[in-house]
Number of protein chains: 2
Amino acid sequence: MQDSHTSETTQKTIEETIVSGILSARIRPGTRLSENQLATLFGVSRTRVREAMMRLETRGIVHVSPRRGWFVVEPSAEEAIAVYEARRVIEAGLLRSMRVLTGEGREALDAHLNEEKSAMAAGDRQRLTYLMGDFHIRIAELSGNAIIVDILRDLTARTILISMLYQSEFHAAQSHEGHCRIFQAMQAGDFGRAAELSVEHLDDVEMGLDLTARPDPLSELRSSLSLPPRTVSATVRPKNHKLQRSN
Amino acid sequence: MQDSHTSETTQKTIEETIVSGILSARIRPGTRLSENQLATLFGVSRTRVREAMMRLETRGIVHVSPRRGWFVVEPSAEEAIAVYEARRVIEAGLLRSMRVLTGEGREALDAHLNEEKSAMAAGDRQRLTYLMGDFHIRIAELSGNAIIVDILRDLTARTILISMLYQSEFHAAQSHEGHCRIFQAMQAGDFGRAAELSVEHLDDVEMGLDLTARPDPLSELRSSLSLPPRTVSATVRPKNHKLQRSN
DNA sequence: TGTGGCTATCTTGCATACAAGACAGAAAGC
DNA sequence: GCTTTCTGTCTTGTATGCAAGATAGCCACA
């Protein structure tokens, strides 16, 4: 989606900066996103920051606590399950709908898997997080369907936020192998098998989560008392250290 | 995701009013949505209208032509194909992921199919349009996955816009039968079959479109002169589809 | 008749002003 | 010491003002 309107450039940049920050695990769930700070950071007024926030909110990336602030979402356990379920449905459906793996497609995935391998060798965890999510986006790109790509990108972003909340350790090697298996099935032209493997792979990742480790240990009590949701960590927060999380 | 913040009520109403207007085919593709008019209509300032527009834009319902105005999207032929492809992928994946049809699920779908029948008898075309789209949303609701429901609702809205642009006549009876067949397969517990039928059904509907009847008869000239496009593109490759633009 | 250019008036783009809720921390009362 | 209340300052919510592009219509002129 190329836009020739320079006027929208900045706005898209705010959105994309945040999303790519999440995709590469540089922005943690619960991060406060102050309109003022973002405005000065991007050299625009709050108006445009708000517009970006609204968009991100409808994409499920960010939420607002009225008169308290914008925060990167902290998916609940239930939401986490829903995200994985949605990904299984869409990714399996996508693979099953594929008929051929083109030469460029093969090359793209092959190159990607090599990147994964080298990132593993280098122990570059942030890059690894990014690549592990990006694999699925690349598969979506093979379909050439921009709608599905956009959907899966946003779901992947949420997945990464979920990982940061609930994943105790990071089984990169296991994920990498899962990706390789999917790729092999695709190369063999067996997309039904690839779909099955994809479901298994997502199951594995989901299984590796500790969904009992809640982001907010008080959430049960809090909601039963119908108190406002908790304010969470502030990575960028110059003066007011009031709202900080303990980790 | 229900919100308890009354402050957002109005805003959501603007969004939902427009979406439900589309879902029931009361709002046509290309309709101009003036910020000022909507603002006075809803008794708010342009600010809030703009926010609603931004949200609708990220949902693919509306687009803005800079300094000219907001318009309900008029999907191009390529976008139309992409929407149907995405729906096939997601709906088939969804059905295939289902394991049981609960009693309430059966009742809900049965009730819905009866509504379709009575709307057909009454010849209520607008209501019929709404119901034909809503069937698929109801199936999504059976999954209990709010993410998938939201995605399919927006895709259904786009589908209806596509119908209004490209569908010469409305084969309600045919669609209704397709729905019944899907329902039967689900009742029989054969969700794989239901998925296949769903794909076929969407193929049928797509086949009934005349994608050569362009919404913008000048688009060829326009693009050959590389003037700004009338709708923003989603890059999609032409498939094995009938819509070959032969010249 | 047709063509170029001016202008009035639409439209959105964006910044800003002010209202008002939410909190933290100090002050006051017990 | 403990609670309560107040107050300053942070935050977002919303309206409004102005800038500037886009368009249509008019008019002059060839």
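In this text the structure is predicted, and so the values were computed from the model without any measurement. Just so it is clear: chains get the letters A, B, ... in the order the sequence lines come, proteins before strands, and each one is counted from 1.
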Side chain of A/W70 (C-beta onward), nearest among D/dT12, C/dT11, D/dT23: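 When the side chain of A/W70 is considered, D/dT12 is the closest of D/dT12, C/dT11, D/dT23.
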A/R67 side chain, from C-beta outward: closest of C/dT11, D/dT12, D/dT23: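 So the side chain of A/R67 is nearest to D/dT12.
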Salt-bridge contact [X]-[Y] (side-chain N to carboxylate O under 4.0 Å):
| X | Y | answer |
| --- | --- | --- |
| A/R48 | A/E51 | no |
| B/R88 | B/E206 | yes |
| A/R138 | A/E141 | no |

What is the distance, rounded to the nearest whole Å, between atom [atom1] of [X] and atom [atom2] of [N]?
| X | N | atom1 | atom2 | result |
| --- | --- | --- | --- | --- |
| B/R68 | D/dA22 | CZ | P | 9 Å |
| B/E51 | C/dC14 | CD | P | 15 Å |
| B/R32 | D/dT23 | CZ | P | 10 Å |
| A/M53 | D/dT12 | CE | P | 9 Å |

Report each atom pair, protein N/O against N/O of nucleotides 15-18 of chain D, whose distance is under 3.5 angstrom.
unit_1 : atom_1 : unit_2 : atom_2 : d
D/dA15 : OP2    : B/S45  : N      : 3.0
D/dA15 : OP2    : B/S45  : OG     : 2.6
D/dA15 : O5'    : B/S45  : OG     : 3.3
D/dA15 : N7     : B/T47  : OG1    : 2.6
D/dT16 : O4     : B/T47  : OG1    : 3.3

query: Heavy-atom count around B/Y130 OH within 6.0 Å, excluding the residue itself: above 12?
result: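 Not buried by this count: 12 neighbours or fewer within 6.0 Å.
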field: Pairing residues for A/T58 by the side chain to side chain donor-acceptor pair (under 3.5 Å) criterion, not counting sequence neighbours
entry: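 Testing A/T58 for side chain to side chain donor-acceptor pair (under 3.5 Å), a comparison that skips the adjacent residues, returns B/T58.
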message: Between B/S65 and B/R68 (side chain of the first, backbone of the second, donor and acceptor by atom type, cut-off under 3.5 Å), is there such a pair?
response: no
